[in-house]
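All remarks here apply to the structure that follows.
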Amino acid sequence: MTKNNQNDNQNLTVAVTDESGAVIGHTYPKRAKGLVKKGRAEYSSDNVIRLKDSCPTQKSEENKMDVLNNNIAENTQQERENAAAPQTAKQYIFFDPRKWFVHPDVKELSVMDRFIYQSPIDDKLNEVITLGAWAGNKWSEITNGYIKLDKNTDYKFVFWLNGGENDLSNETCRFEVIYTDMHTDGFAVSQSDHDYRYIYKLNRSYIKPLKEHKGWRLYSIPIIKSDKQYAQFRFVAQLAPMTIMAAAEPESYAELPEIPDEFADKRPQRHNIVFTDGWPENKPYATKTLKSFAEGTHASQQNSGNGFFNSFTDNDDFMAQLAQRLADSIDTDVIAEMVAENLDINEISDTVSGNIDTYVIARAAMGENPDAEKIKRVVDFAESDEMKRIVDMAENLDTEKLERLADLAELEHLSDLTELERLADIAESDEIKRIIDMAENLDIDKIKRMAEETDKRSED
């Protein structure tokens with residue numbers, strides 16, 4: 001088609017419909033005016049005319065030929081072909097960070113940050129939104145207001161997501177759709193519409209992403225159909241920040257390689273861009289730590305596999321000091337006094353473990369061919385008061401509950417948070433985690449049987 005013909009087609013700005021209102025082509029404004037003047041058509045609106053050729057008194061093949069000239073016929077055929085083809089592009093709704101804002105109902109509690117970020121998807125600068133915080137007293141929501149969706153039409157909401165999980169598995173990370181027939185100037189929806197919202201959980205394994213690439217997960221969420229006119233989308237986060245980034249059509253990422261976390265089965269939470277490495281460096285699931293274990297170079301794997309354990313069993317002073325530190329730090333009277341009217345502090349001790357199984361530790365500590373003296377030393381340590389006190393203290397520390405206590409104390413404007421902070425530090429310290437890990441599977445009876453077998457071999 002020539003350039004002139006292209007320009008001519010661009011001037012076909014008046015839609016032509018049949019009597020039923022179906023578009024059958026386009027024509028020029030001057031031509032439309034002439035058809036109306038001759039009584040062959042009438043204006044439906046400023047840019048639409050309806051033919052009268054289907055009326056019994058006006059039906060004429062000549063009228064059809066006048067309007068449906070060659071150019072219009074070409075456009076009409078193209079439109080019909082387009083209508084028959086799958087409307088893939090129109091089915092997608094894309095995340096636009098410029099159109100999302102903190103929901104006014106939770107403005108004081110919400111944490112949201114909009115900023116430019118270098119995406120690992122295309123190595124370009126993209127605007128993203130980070131929502132939520134680690135603190136338990138923050139409930140963060142953002143919304144895009146109201147959007148008008150065609151009734152009973154399939155849509156998919158496409159976006160990239162990072163983070164949204166913590167290592168306690170108690171986070172909130174979700175996408176919500178609220179349908180309504182009421183359109184207000186603000187973001188308010190009726191309680192009934194809110195109660196019947198659709199909730200898509202984006203954390204853990206509730207919804208599988210289309211693709212995972214360097215800590216980012218591509219989602220294409222099918223929007224459940226509704227006969228209501230308007231929809232309001234929301235992202236909700238608590239106890240873990242999540243970051244949302246715009247995505248293109250999912251088909252455009254067909255060549256993007258799948259790069260998941262190689263240690264996903266060993267981590268309690270997924271990658272989060274708030275950390276340099278994606279995970280906190282001081283946690284046992286830090287990438288550097290997990291790699292050293294995989295390569296056999298971690299300090300606890302040295303000296304016949306018993307370096308860490310022997311550092312405790314060989315240092316009685318350290319063991320006694322650590323046990324005393326734990327005992328002195330758990331001052332329930334102080335906590336009870338601070339939150340007596342809000343929470344029963346006795347709940348903190350409700351999760352005392354039933355038994356102690358340290359066979360795994362013993363096996364690592366004693367090596368391949370343990371002698372009777374070494375086995376006896378392990379048994380003595382496993383049954384010692386120091387070990388029991390450490391395990392009891394460590395396992396009774398409910399980190400999640402301590403965090404809730406701290407949040408509660410802060411909300412009540414209590415000034416003396418020192419003890420709570422010290423407790424939380426101890427509960428999350430590397431010492432406690434390592435002790436719990438080492439003491440988790442101790443089987444004293446099995447160690448005793450090993451000792452007896454070793455004694456018998458010695459006598460033989």
Side-chain angles (χ1 to χ4, degrees), residues 110-113 117 119-121 128-142 159-176 199-219 221 235-245 258-294 298 351 394-395 397-404 406-407 424-437 440:
S110 291
V111 176
M112 188 201 87
D113 191 15
Y117 165 79
S119 166
I121 309 302
V128 300
I129 288 180
T130 291
L131 176 69
W134 303 107
N137 62 340
K138 299 297 183 182
W139 178 270
S140 303
E141 290 188 25
I142 57 174
F159 57 93
W160 285 99
L161 178 72
N162 173 269
E165 291 183 353
N166 62 37
D167 56 11
L168 296 175
S169 301
N170 64 345
E171 72 283 332
T172 297
C173 174
R174 66 195 191 205
F175 167 66
E176 298 181 352
I199 297 175
Y200 302 78
K201 291 188 175 184
L202 302 176
N203 56 331
R204 306 301 158 183
S205 302
Y206 292 106
I207 299 177
K208 185 178 180 180
L210 295 181
K211 182 162 290 190
E212 184 174 356
H213 183 84
K214 297 182 180 180
W216 285 87
R217 303 161 78 88
L218 176 64
Y219 285 96
I221 303 293
F235 280 106
V236 183
Q238 186 184 36
L239 293 173
M242 66 174 177
T243 304
I244 311 107
M245 181 170 63
E258 186 87 17
I259 305 181
D261 173 23
E262 61 179 316
F263 298 113
D265 60 334
K266 296 178 174 59
R267 303 199 215 249
Q269 69 185 54
R270 62 197 183 202
H271 184 284
N272 199 310
I273 64 169
V274 302
F275 302 111
T276 303
D277 181 46
W279 291 272
E281 295 182 357
N282 63 339
K283 297 287 186 177
Y285 51 85
T287 301
K288 184 178 180 181
T289 301
L290 292 176
K291 280 188 175 180
S292 67
F293 271 111
H298 192 269
T351 57
E395 297 215 346
L397 287 175
D398 186 332
T399 305
E400 180 182 350
K401 205 159 276 170
L402 287 172
E403 290 176 350
R404 289 202 301 269
D407 292 338
D425 289 342
I426 294 171
E428 293 191 344
S429 68
D430 288 341
E431 293 172 348
I432 296 300
K433 285 183 172 62
R434 289 161 70 187
I435 291 170
I436 292 175
D437 289 341
E440 206 168 53

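Worth knowing before you read on, the calculation uses all heavy atoms, side chains too, and leaves out hydrogens, waters and symmetry mates.
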Can you tell me if [X] uses its side chain to pair, donor with acceptor, with the backbone of [Y] under 3.5 Å?
| X | Y | answer |
| --- | --- | --- |
| Asn272 | Pro241 | yes |
| Asp277 | Trp279 | no |
| Gln238 | Thr172 | no |
| Glu141 | Ser110 | no |
| Arg174 | Ile199 | no |
| Asn162 | Gly215 | yes |

Which atom of [X] lies closest to which atom of [Y], heavy atoms considered:
| X | Y | answer |
| --- | --- | --- |
| Leu290 | Phe263 | CD1-CB, 3.6 Å |
| Glu258 | Leu210 | OE1-O, 4.4 Å |
| Gly164 | Cys173 | O-CB, 3.3 Å |
| Glu165 | Pro268 | OE1-O, 4.4 Å |

- request: Check the angle between the aromatic planes of Phe159 and Phe235 and answer parallel, tilted or perpendicular using the 30° and 60° thresholds.
  value: perpendicular
Trp160 and Tyr117 aromatic centres sub-6.0 Å: no
field: Nearest-0.5 Å distance, CG of residue Leu239 to OG of residue Ser169
entry: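 Going from the CG atom of Leu239 to the OG atom of Ser169 covers 11.5 Å.
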query: How far does CE of Met242 sit from CD1 of Ile129, to the nearest 0.5 angstrom?
result: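 Going from the CE atom of Met242 to the CD1 atom of Ile129 covers 10.0 Å.
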query: If you measure from the Lys or Arg side-chain nitrogens to the Asp or Glu carboxylate oxygens, is any gap between Lys283 and Asp167 under 4.0 Å?
result: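 Between Asp167 and Lys283 there is a salt bridge, with a charged N closer than 4.0 Å to a carboxylate O.
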How about [X] and [Y]: do any of their side-chain heavy atoms sit closer than 4.5 Å?
| X | Y | answer |
| --- | --- | --- |
| Glu176 | Val236 | yes |
| Gln269 | Pro280 | yes |
| Leu161 | Arg270 | yes |
| Ile244 | Phe175 | no |
| Glu281 | Phe275 | no |

message: What verdict does the salt bridge (charged side-chain N to carboxylate O under 4.0 Å, His left out) test give for Glu212 and Arg217, after you've listed the backbone C-alpha separation in whole Å, the side-chain angles of each residue and the deciding distance to 0.1 Å?
response: CA-CA 4 Å; Glu212 184 174 356; Arg217 303 161 78 88; 3.6 Å; yes
- request: Identify which one of Ile121, Ile259, Asp261 satisfies the side-chain contact (heavy atoms from CB on, under 4.5 Å) criterion when paired with Lys214.
  value: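 Among Ile121, Ile259, Asp261, the one meeting side-chain contact (heavy atoms from CB on, under 4.5 Å) with Lys214 is Ile259.
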- request: For Leu131 and Lys138, run side-chain contact (heavy atoms from CB on, under 4.5 Å): C-alpha distance rounded to whole Å, both residues' side-chain angles, the deciding distance at 0.1 Å, then the answer.
  value: CA-CA 10 Å; Leu131 176 69; Lys138 299 297 183 182; over 6 Å; no
